[in-house]
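Here is the structure we will look at, set down as structure tokens.
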Amino acid sequence: MGNADLPNGFTGFSHREPGFISAGDAMRRSRAATEAGRLDTDARGFRNTETQAARSGWQVPNTLKPESASVKDRGLWGAANDFFPADMRTYLTEASGDAGPQFDYEKLSQIPAVDKRWSWVEVDLSAIHHNVLSVKQTLGHGTKLMAVVKSDAYGHGAVPCSRSALAAGADQLGVATVDEAVELRQAGIGAPILVLAEPPAATIPLLLAYRIMPSIYTAEFAVQYAEAADSIGLRAPYHLKVNTGMNRIGVRFDEVIEFMRRVSFHRALDLVGTFTHFATADAADTMEFNIQASHFVETIAEMRAFGIDPGIVHAANSAAIIRYPEVHFDMVRLGISLYGYYPCPETYGLIDLVPAMSVHARITQVKNVPVGEGVSYGLLHRSSGFTKVCTLPIGYADGYRRGLSDRIDVIMEGMKHPQVGAICMDQSMFEVDLRTRRSLGRLDPQIGDEVLVVGADGNAVVTIDEMADLLDTVPHEICIGFGTSRMARIYT
């Protein structure tokens, strides 16, 4: 390559081509142009000395701004440059003037979350509605359905998912904490809400004020709850939690009668439900499940024999709802299957479920990595040289678990592409292989292009279940990781 072929300013200084501008000249011209249109003082009142010019030189006067260039249409969102407003004055108040720009923070707050960071979660509320209807078709006449919306509806959003489930025919809601229940009440939801564990005594005023039912399994809490309610002329409704073998929480099945003798004297207490939870309803082996179910049935029968009305009897979680109709009793509790996931392989094909969550991101950088060079921490992935490596603004702080590194795909333009390199806290990379796509048309990934991290596009599918299998965990954990992260969550 001759000197004439090389970029000006690097080599061949004695053969400068016409139009050559040195770096120093370029900097001086830029400074002069900026100073020509800058206000005498900046927003903080400092004089625009040369030092201040360097500090605030990004504030190019409007008269020097080029017209926005036309860009390739990329669907709803457009290309990367389309995201920035053509006129910053949109975000200024009428008071802006000689004193400098005054920002309108109300308008700033209206910038969509999916534009501020190019990764987000989408929740299809029609899928929630569909899943409730599918389960209700399996229930006997009069059997109620509780939609379990704890942990922000498994990351899907407690308030919108509760509304969708109730609209589809759910009768009650289940949560894990009093604060979760209060959030639903403050959103105007009036359906019965059960806290699925006994809360601290300090929450009793909230239980009574917001009409929230606690689970009870200690006599101390039961008496405190009843005394507080009675002191202001209210009743104290609750559900009794029975431990039939899971040994997590609850009154042991063979101690229930004694427990009821200790607490039932109080006139304010109302036992409105009795329930247990199965530890192995999703297991292939049914022996332990049958033992628990037997303990529960015997406990309910014994309560009735002693003249104790158990109220609403419920035990079935998602797996038991689908596999064991004999334990539907008076009500079932729909958890993970509310969101479209099968609780175990034995339930596949027995009911029609639709996943409600998908995860999306936009490319923030595209690069050709030379052959043999590494990607991400540890440089464990090496480029073949015939690829483009694309960066996405989603990492393990967003629920994209580090253990998935180099083991999962993403979807772009209806095709799967491998995620490459270690998934970072805030970012991750994937690779487009230019050699294998020629028969399908050469892909040309660009900044701003949308990528599916979880979801389906044509025949290409990446699922929460796939990720859970790779990580040897349950889909609940993956959904919660994505849905309760810092990513925006939108509803369709």
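Counting only residues at least two apart or on different chains, the ring pair (Phe, Tyr, Trp, His ring centres under 6.0 Å) pairs with a member in residues 152-191 are Tyr154-Tyr339, Tyr154-His476, His156-Tyr339. Screening residues 144-158 for salt bridge (Lys or Arg N to Asp or Glu O under 4.0 Å), with sequence neighbours left out, gives Asp152-Arg489.
For His360 and Glu450, the side-chain atoms include at least one donor-acceptor pair closer than 3.5 Å. Side chains of His266 and Glu227: a donor on one and an acceptor on the other come within 3.5 Å. Between His141 and Thr143, the side chains place no donor N or O within less than 3.5 Å of an acceptor N or O (distance only, hydrogens not considered). Side-chain contact annotation: Gln419 with Ser428, donor-acceptor N/O pair under 3.5 Å absent. Thr280 and Glu288 share no side-chain donor-acceptor pair at under 3.5 Å.
Here Asp398 pairs with Arg486 in a salt bridge; the nearest charged N to carboxylate O distance falls below 4.0 Å.
Under the side chain to side chain donor-acceptor pair (under 3.5 Å) criterion, Thr364 pairs with no residue, sequence neighbours left out. The ring pair (Phe, Tyr, Trp, His ring centres under 6.0 Å) check on Phe275 picks up His314, with sequence neighbours excluded.
The minimum heavy-atom distance between Gly311 and Asp330, with the atom names listed, is O-OD2, 3.6 Å.
The side-chain heavy atoms of Asp457 and Met415, taken from C-beta on, include no pair separated by under 4.5 Å.
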Donor-acceptor pairs are to be reported for all side-chain atoms of residues 122-136 against protein atoms at under 3.5 Å, with residues two or more places apart or in another chain.
{"from": "Glu122", "atom 1": "OE2", "to": "Trp120", "atom 2": "NE1", "distance (Å)": "3.0"}
{"from": "Asp124", "atom 1": "OD1", "to": "Ser126", "atom 2": "N", "distance (Å)": "3.0"}
{"from": "Asp124", "atom 1": "OD1", "to": "Ser126", "atom 2": "OG", "distance (Å)": "2.5"}
{"from": "Asp124", "atom 1": "OD2", "to": "Ser126", "atom 2": "OG", "distance (Å)": "3.2"}
{"from": "His130", "atom 1": "NE2", "to": "Ser134", "atom 2": "OG", "distance (Å)": "3.4"}
{"from": "His130", "atom 1": "NE2", "to": "Asp352", "atom 2": "O", "distance (Å)": "3.3"}
{"from": "His130", "atom 1": "NE2", "to": "Asp352", "atom 2": "OD2", "distance (Å)": "3.0"}
{"from": "Asn131", "atom 1": "OD1", "to": "Val354", "atom 2": "N", "distance (Å)": "2.9"}
{"from": "Asn131", "atom 1": "ND2", "to": "Ala127", "atom 2": "O", "distance (Å)": "3.0"}
{"from": "Asn131", "atom 1": "ND2", "to": "Leu338", "atom 2": "O", "distance (Å)": "3.0"}
{"from": "Asn131", "atom 1": "ND2", "to": "Val354", "atom 2": "O", "distance (Å)": "3.0"}
{"from": "Ser134", "atom 1": "OG", "to": "His130", "atom 2": "O", "distance (Å)": "3.2"}
{"from": "Ser134", "atom 1": "OG", "to": "Asp352", "atom 2": "O", "distance (Å)": "2.9"}
{"from": "Lys136", "atom 1": "NZ", "to": "Gly169", "atom 2": "O", "distance (Å)": "3.3"}

Quick one: side chains of residues 388-395, donor-acceptor pairs under 3.5 Å with protein atoms, not counting sequence neighbours, listed by atom name and distance.
{"from": "Lys388", "atom 1": "NZ", "to": "Asp444", "atom 2": "OD1", "distance (Å)": "3.3"}
{"from": "Thr391", "atom 1": "OG1", "to": "Lys367", "atom 2": "NZ", "distance (Å)": "2.6"}

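Taking a 6.0 Å sphere around CZ of Arg262, one finds it holds 12 or fewer heavy atoms contributed by other residues, nucleotides or ligands. For CZ of Arg402, the number of neighbouring non-hydrogen atoms (other residues, nucleotides, ligands) closer than 6.0 Å is greater than 12. Enclosure of atom CE in Met425 is not indicated, since only 12 or fewer non-hydrogen atoms of other residues, nucleotides or ligands lie within 6.0 angstrom.
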For Ile351 and Thr138, run side-chain contact (heavy atoms from CB on, under 4.5 Å): C-alpha distance rounded to whole Å, both residues' side-chain angles, the deciding distance at 0.1 Å, then the answer.
-> CA-CA 9 Å; Ile351 191 172; Thr138 71; 4.2 Å; yes
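For Tyr225 and Tyr238, the distance between ring centers is not under 6.0 angstrom.
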